[in-house]
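Below you'll find the structure, written out as structure tokens, and then a few comments.
By convention here, the first residue in the shown sequence is residue 1. All values derive from a computational prediction rather than experimental measurement.
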Amino acid sequence: MSMSHFRKSWESGLFRQLLRFLSTTVVGVVIDVGGFVLLAMAGLPAGIANLVSAGVSVLAVYALSRGMVFPGRHTVGGLLAFFGWYAVSILLFSWLIQWGVDALAIPELLAKLISLPLSFTLNFVAVRTIFAVVDRAAHRGDG
């Protein structure tokens, strides 16, 4: 990556968005991992514990990311698309975590932690795309 490309990307706000999304994700991860540990300690299977803890954390991430990272109108379509994406993401990663525990004998918390970088990357791209589409559609409706 050339320096001029890096500078243009920074100036376009992509890296600022990425850093802000990272900060909202940290809040979500604290809620998610903390809830996961508590639920797993209470005896829930790893996949179910992830389903519940990740679902709760999505509420916090939506509120923070729509306000701080991708400012725009709160619309029913945007909310449904956001939660729809996260439903798919949570189910996918819950299955992968449970598979890692069952098939590869990875400890539950380690399996959860291993999943975080990939889920962060996928979720950033998806949420950025969702809000861009929603905002374009809302803007066309203003005309």
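To the nearest 0.5 angstrom, Ile130 atom CD1 is 11.5 Å from Asp135 atom CG. With values rounded to the nearest 0.5 angstrom, Glu108 atom CD is found 7.5 Å from Gln98 atom CD. Atom OG of Ser65 and atom CD of Gln17 lie 10.5 Å apart (nearest 0.5 Å). Atoms OG1 and CG, on Thr25 and Leu19 in that order, are 11.0 Å from each other to the nearest 0.5 Å. The distance from the CZ atom of Phe93 to the OG atom of Ser115 is 6.5 Å, given to the nearest 0.5 Å.
Aromatic rings from Tyr86 and Tyr62 are positioned such that their centres are separated by 6.0 Å or more.
Closest of all the heavy-atom pairs between Gly78 and Val134 is CA-CG2, 3.6 Å. In plain terms, the two heavy atoms of Ala49 and Ala40 that are nearest each other are CB-N, 4.1 Å. When every heavy atom of Gly28 is checked against every heavy atom of Val61, the shortest pair comes out as CA-CG2, 3.8 Å. Considering every non-hydrogen atom in both Gly35 and Ser53, the closest pair reads C-CB, 3.8 Å.
Residues Val127 and Arg66 form no side-chain contact, since every pair of their non-hydrogen atoms from C-beta on lies 4.5 Å or further apart. The shortest distance between side-chain heavy atoms of Phe124 and Thr121 does not fall below 4.5 Å. Residues Ile114 and Ile97 form no side-chain contact, since every pair of their non-hydrogen atoms from C-beta on lies 4.5 Å or further apart. Between Phe120 and Leu18, the closest side-chain pair of non-hydrogen atoms falls below 4.5 Å. Side chains of Val26 and Phe21 form no contact here, defined as non-hydrogen atoms less than 4.5 Å apart.
Checking side-chain atoms of Ser57 against main-chain N and O of Asp32 turns up no donor-acceptor pair under 3.5 Å. Under a 3.5 Å cut-off, the side chain of Ser89 and the backbone N or O of Trp85 do not form any donor-acceptor pair. Formation of a donor-acceptor pair under 3.5 Å by the Ser23 side chain with backbone atoms of Arg20 is found in this model.
At least one test fails for Arg128 against the ring of Phe70: distance under 6.0 Å to the centre or angle within 45° of the axis.
Here the rule is side chain to side chain contact (heavy atoms under 4.5 Å, CB included) with Phe36, and of Asn50, Val29, Leu51 only Asn50 fits it.
Under a hydrophobic clustering in which Ile, Leu, Val, Met, Phe, Trp and Tyr are joined whenever their side-chain heavy atoms come within less than 4.5 Å, directly or via other members, Phe82 and Ile31 fall into the same cluster. Tracing side-chain contacts under 4.5 Å through hydrophobic residues (I, L, V, M, F, W, Y), one never reaches Leu92 starting from Ile48; they form parts of separate clusters. Residues Val101 and Ile90 fall into different hydrophobic clusters, defined by Ile, Leu, Val, Met, Phe, Trp and Tyr side chains chained together at heavy-atom separations under 4.5 Å. Note on Phe15: it clusters hydrophobically with Leu22, by side-chain heavy-atom contacts below 4.5 Å among ILVMFWY residues. Cluster membership check: Leu113 does not share its hydrophobic cluster with Val27, using side-chain heavy-atom separations under 4.5 Å among Ile, Leu, Val, Met, Phe, Trp and Tyr.
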